[in-house]
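Everything below concerns the one structure shown next.
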Amino acid sequence: MRLLTAVLRTIRNSRRLATGLVILALLVLVALFSPLIVKAVGGGQDPIELAAYDKWQVPGPQHLLGTDQFGRDVFAMVVKALAVSLQIGAIAGVISTVVGVIVAFVAGYKGGWIDNVLSTFTGILLVIPTFPLLIALSAYAKNVSLFQVGVMISIFSWPFAAKTIRSQVLSLRTRPYVDLARVSKARDIEIIVTELLPNLLPFIGVGFASSALGAIFGLVGLEIIGLGPGGVIDLGQIIFNAIGTGALTLGAWPMFVVPIALLTLLFAALNMVNIGLEEVYNPRLRGVAGE
Amino acid sequence: MKSELELRGVQQRFHARGVADGYVTAVDDVSFKLLASPPQIVSLVGQSGSGKSTIARNVLGLQKPTAGSVLYGGKDIFKLSRSEYDAYRRDVQPVFQDPYAIFNPFYRVDRVLWKAVKKFKLASTREAGLKLIEESLQAVRLEPENVLGRYPHQLSGGQRQRIMLARVHMLRPSFIIADEPVSMLDAQVRKHFLDILLDFQREHGMTTLFITHDLSTVYYLGGEVMVITKGQIVERGPVATVMHEPTHPYTKLLLDSIPSPDPDQRWTTRIQVDELERLDDNTPADTTKPEAPVL
Amino acid sequence: MTAEAPPAVAVDKSQDSAPVSGVRAWLSRHPLAAYAIRRFGLYLIELWGALTIAFFFFRLMPGDPIQTLIQTLQQNYIYNAQASAEIIARYKHEFGLDGNLLTQYLVYMQKLILHGDLGPSLINYPTPAQTVILRSLPWTIGLLGISAVMAWILGVVIGAIAGWRRGKLGSAIATNLSIALSHVPYFFVALILVYVFAYSMGLLPARSAYDSNINPGISFAFIGSVLKYGLLPGLSIVIIGTFSWILSTRMLMIPILGEDYLVYAEAKGLKNSRILTRYALRNCYLPQITAFGISLGFIFNGNVLVEQLFSYPGLGTTLVTAIQQLDFNTILGVTDIAIFSVLTAVLLLDLLLPLLDPRVKYWK
Amino acid sequence: MNNVLEVKGLEVVYSTNRGDVQAVRGIDLDVHRGEILGIAGESGSGKSTLAVALLRLLKAPGKVTGGSVMFHPAGRSPVDLLKVHGEELRVLRWSALSYLPQGSMSSLNPVMRVEEQFKDVILEHAPARRDSLGELIPRLLGQVGLEPRVGRMYPHELSGGMKQRVLMAIAVALEPDLVIADEPTTALDVTIQRVILQSLADLRTDFGVTLMVISHDMGVHAQLADRVAVMYEGRLVEVGDVRQVFKDPQDPYTRQLIESIPRLGRKAS
């Protein structure tokens, strides 16, 4: 309950954060209702079935965004693909945030050689180009599911979350209230969970948003090379499709423009959440931020 | 009853870059003993970087000394059995410097009091706990209804610092380790705070280790004083004696540096403080301090 | 009953009291040298760690590329010769696949470190992978290096001004555009640029790195052609890169505006332009140098797709081709080269930093 | 004209979303040429706001809502400090009106050598001295008891007291008419405080500057000031000769302030 009021207070303090969250909520809502929307578009039949309609229809009242080379309704495809893209963001976001948080707490709180080892390892993963590893992984691991791709992307995206949160843990663990908890016989795990974690929520939020961004970006990248997971259509795949079939030259611009616009909107929203949180919770930015 | 807290040859070194041997010695062979009875007030006075706050952390078991030991009832506090550890924690409690940072901004202020009730099993029921909390708040001249349920930022520095005293009042430790508890309070509030500490000594028999940079508060509290500089205690004795007949040149320098609030008693002589000597160690002045600079 | 953990002790402080050695004393008197040595040591550890991670990553990958390769080889032998164990063993040896994993690792690292040998490339057998990679390396370094540096300079300057003039319209536009676009993948912009400038307007080429009718060499025609062909892929990296540097520089700039030394500079009666450059910018571009190093790996990731889109003959394209052909030595080699390049660039930047920022040598 | 500064009816408010808070309420104050004027008061009394307003460094949400501040720099025509803007104000700064901030604040640019921070202000206002810089900076540093090599150092290599001394040397580099010092001894160790107070007194003797010293510490005023002005809740409750203020305070608040000074049972030497 108190968490909720704290969250609401935070949102009220930043228009940027609020805007980002609203856009995000709208996109999530569309994704949640995507089965219904798709159904409504199809009006009894599956609009994403092969040869459901004539191919390469231009946008019109029947097909808001036209149809593709297989005669599928592009609008329905985009709605469904949005859900998939959000899903991958959520999967990878959760996994990398959880891993990142654990590593950050162990490294930041325990310190010493454990911190050295973990930080060096995190540093390596942060700096080395991981995309080759990712594409190679998906190339070899054929017929991967969406979840597996999410896990694969998380392998490379947790260091970002770990790095941000570790530096916060380092600064928080020397706070006097941590000392006070210690002299009140609190154990390490208790201090981490009750004293540190609540104050780190915004940074964990930032870590989640960044990882989700990275994952969506990563999946789109895989699709562009043609190495995405089988059986699902995500926004990247529609773009890949549009390029591959020369949809641009055929005048089927929505196949290309709409997914890009949606992804850009999604990136912008997540980024606004990111920056909004940073501005609200960084006391040095708080005083002077805002335009 | 374990009625002694003793530092025996405590040394604390920290890693530091850019200094002669890679270490700075914050505390250097410090020994002293605090007795629970008769209750006493012992002040530890020194300037920034003298090592006085590190000693507080050593005594509280927050920092293990590089050498020497901190003994509670004759036993090293870092080697206590579980029951001894419980007793030590109960018996040695702090008041910290910064009344803002001592509260976790996420929680209401009464949480620190409830934590004390629960962790040290001061009361078995919620009602009994609340009664205890209210009593202790009143003992430090706070109205329970004015502070309970508030967030830290809604209270003044003086109120917050007194909540920490209320916590001490509840726990009734034999030893209070007070690390610059009044340096961030205004003059009026400061006097209040010191009076409560004196009350605690008289009425509840608590012994206080009072760490400060300010000789005038030491004078107000009375009792014993130890002067520390560069990690070493250079002079100790009853406050009146040390203030009136200082023997160590550093104590004299400290006393001479307090500006007299009388325009007819202006300094006529000059003192030289050679800050440049630090440069000759090739020591970056601001990076060798092991602790965060105090505000 | 014995004590459970004694109270947690502040940890980053050493407990040992080793005697002062001559080396340590020397290092403490030469903080800059100590910094450089420490940094180089870290570089070696990172390099070793990253190469090791990459090696085991590829060898332990699900789907076993090695097995696939062996199968391909075996199939080939059926047509070429008898599938004799001897021949397979020889190929295994040549590709570094004989022995257990540890042996393979040791042999691989030994060849790599002592001879710079990455093993033969599968598709170009028997050309070694390093030869294949070295052909494409200059293209990537040229494209990525120039565009990354340009994006950094543009972004830091614009971002600093946007922070400095916050509240003004121009600053608000730059800031909000950056917020919207800074996380957009490079190839989105690349796609749009291709659509507008290559397909619609036909102004610029959309594929390859230079006009195939011109002979490569040091000639104006060739260089002009390289620039012309590199413009679109480069631009896509520059545009998005600039936006993200604008954003982070602005975030660094705004707290600096509240710093006492800026108030002091104003009280000194210095000219605004001077305060901006000598006081504000000088304090906010320094952390961005470190950030630039860290971003390089990330930029390389995005660059792979851009190269692919433009069929630019750089590392990214080589990598994607190699993956499609299961040329595992080349894949691992590209990864190794990318790791080496990025880590070395970061090292050089970090070594450069103390010359620009007097505080660095005391950092941990 | 014997006054360097004549403040009349100065009002400063801070606008908050719960209405305006008046920080300075109608202050009248003259600063005599060559004197050291102490401004005393507890935290929240408005003394720092006064300093910032006089220096024209007041930032939103603070705003001057009334009054005038006539400034009489030697050899220039008098100006109302509240009415000068842009280039005119910039030229006035440092050569006529200079500022000594608290040394523990990060007023020195962390990435510039100390001598560079002398140079930029000297060259800005007195470009003719370019050739004599090599001699001028060490002399200024020497004046506050610092060795010439301090000029080659960076702020992070200096202790708090040294930083304060560097700031003092920069403050008088152009022999300004008035130096406004805001809590110049706060957050320093007592021994360093004494040295700084001595050096401040020297500045007046050596450079003939007028000093306005803002401090919450009554001991500082007793040791340093010629006259003391006491502020309470944004008003001046008392202005007078330092002896009169300490020995015979007229205002009850001043009396209270002086009584609350903790005293040691030992006389300072």
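Protein chains get the first letters and strands the later ones, always in sequence-line order, with residue 1 at the start of each. Just so it is clear, the structure is predicted and the values come from calculations on it, not from any experiment.
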(message) Quick check on B/Lys119: does its NZ atom have over 12 non-hydrogen neighbours (other residues, nucleotides or ligands) under 6.0 Å away?
(response) yes
(message) Measuring only between side-chain heavy atoms, which start at C-beta, is B/Met164 closer than 4.5 Å to B/Arg167?
(response) yes
(message) List the residues meeting ring pair (Phe, Tyr, Trp, His ring centres under 6.0 Å) with B/Phe200, not counting sequence neighbours, and say none if there are none.
(response) B/His169, B/His204
(message) Counting heavy-atom pairs under 4.5 Å with chain B, which one of A/Leu172, A/Val178, A/Leu180, A/Thr174 comes out on top?
(response) A/Leu180
(request) Side chain from CB out, backbone as N, CA, C, O: work out which of these in B/Phe103 comes under 4.5 Å of a heavy atom of chain A, or both, or neither. (result) backbone
(request) Give the member of B/Tyr100, B/Phe120, B/Phe96 that has the highest number of heavy-atom pairs under 4.5 Å with chain A. (result) B/Phe120
(request) Find the one option among A/Ala181, A/Pro176, A/Ala186 whose heavy-atom pairs under 4.5 Å with chain B are most numerous. (result) A/Pro176
(message) What part of A/Thr194 gets within 4.5 angstrom of chain B, counting heavy atoms only: side chain, backbone, both, or neither?
(response) both
(request) Check for a donor-acceptor pair, side chain of B/Gln161 on one end and backbone N or O of B/Pro181 on the other, with a separation under 3.5 Å. (result) yes
(message) Taking side chain as everything from C-beta outward and backbone as N, CA, C, O, which of these in B/Lys115 sits under 4.5 Å from a heavy atom of chain A? Side chain, backbone, both or neither.
(response) side chain
(message) Test: salt bridge (Lys or Arg N to Asp or Glu O under 4.0 Å). Region: residues 111-122 of chain A. Which pairs qualify, not counting sequence neighbours?
(response) A/Asp115-A/Arg166
(request) Counting only heavy atoms closer than 4.5 Å, note whether B/Val112 contacts chain A via side chain, backbone, both or neither. (result) side chain
(request) Using a strict cut-off of less than 4.0 Å between a Lys/Arg side-chain nitrogen and an Asp/Glu carboxylate oxygen, indicate whether B/Arg89 and B/Asp86 qualify as a salt bridge. (result) no
(request) Examine whether an atom of B/Arg90 lies under 4.5 Å from a heavy atom of chain A, and if so say whether it belongs to the side chain, the backbone or both; otherwise answer neither. (result) neither
(message) Please classify the contact between B/Ala101 and chain A as side chain, backbone, both or neither, with a heavy-atom cut-off of under 4.5 Å.
(response) both
(message) Strictly below 4.0 Å, N to O, side chains only: are B/Arg111 and A/Glu195 in salt-bridge contact?
(response) yes
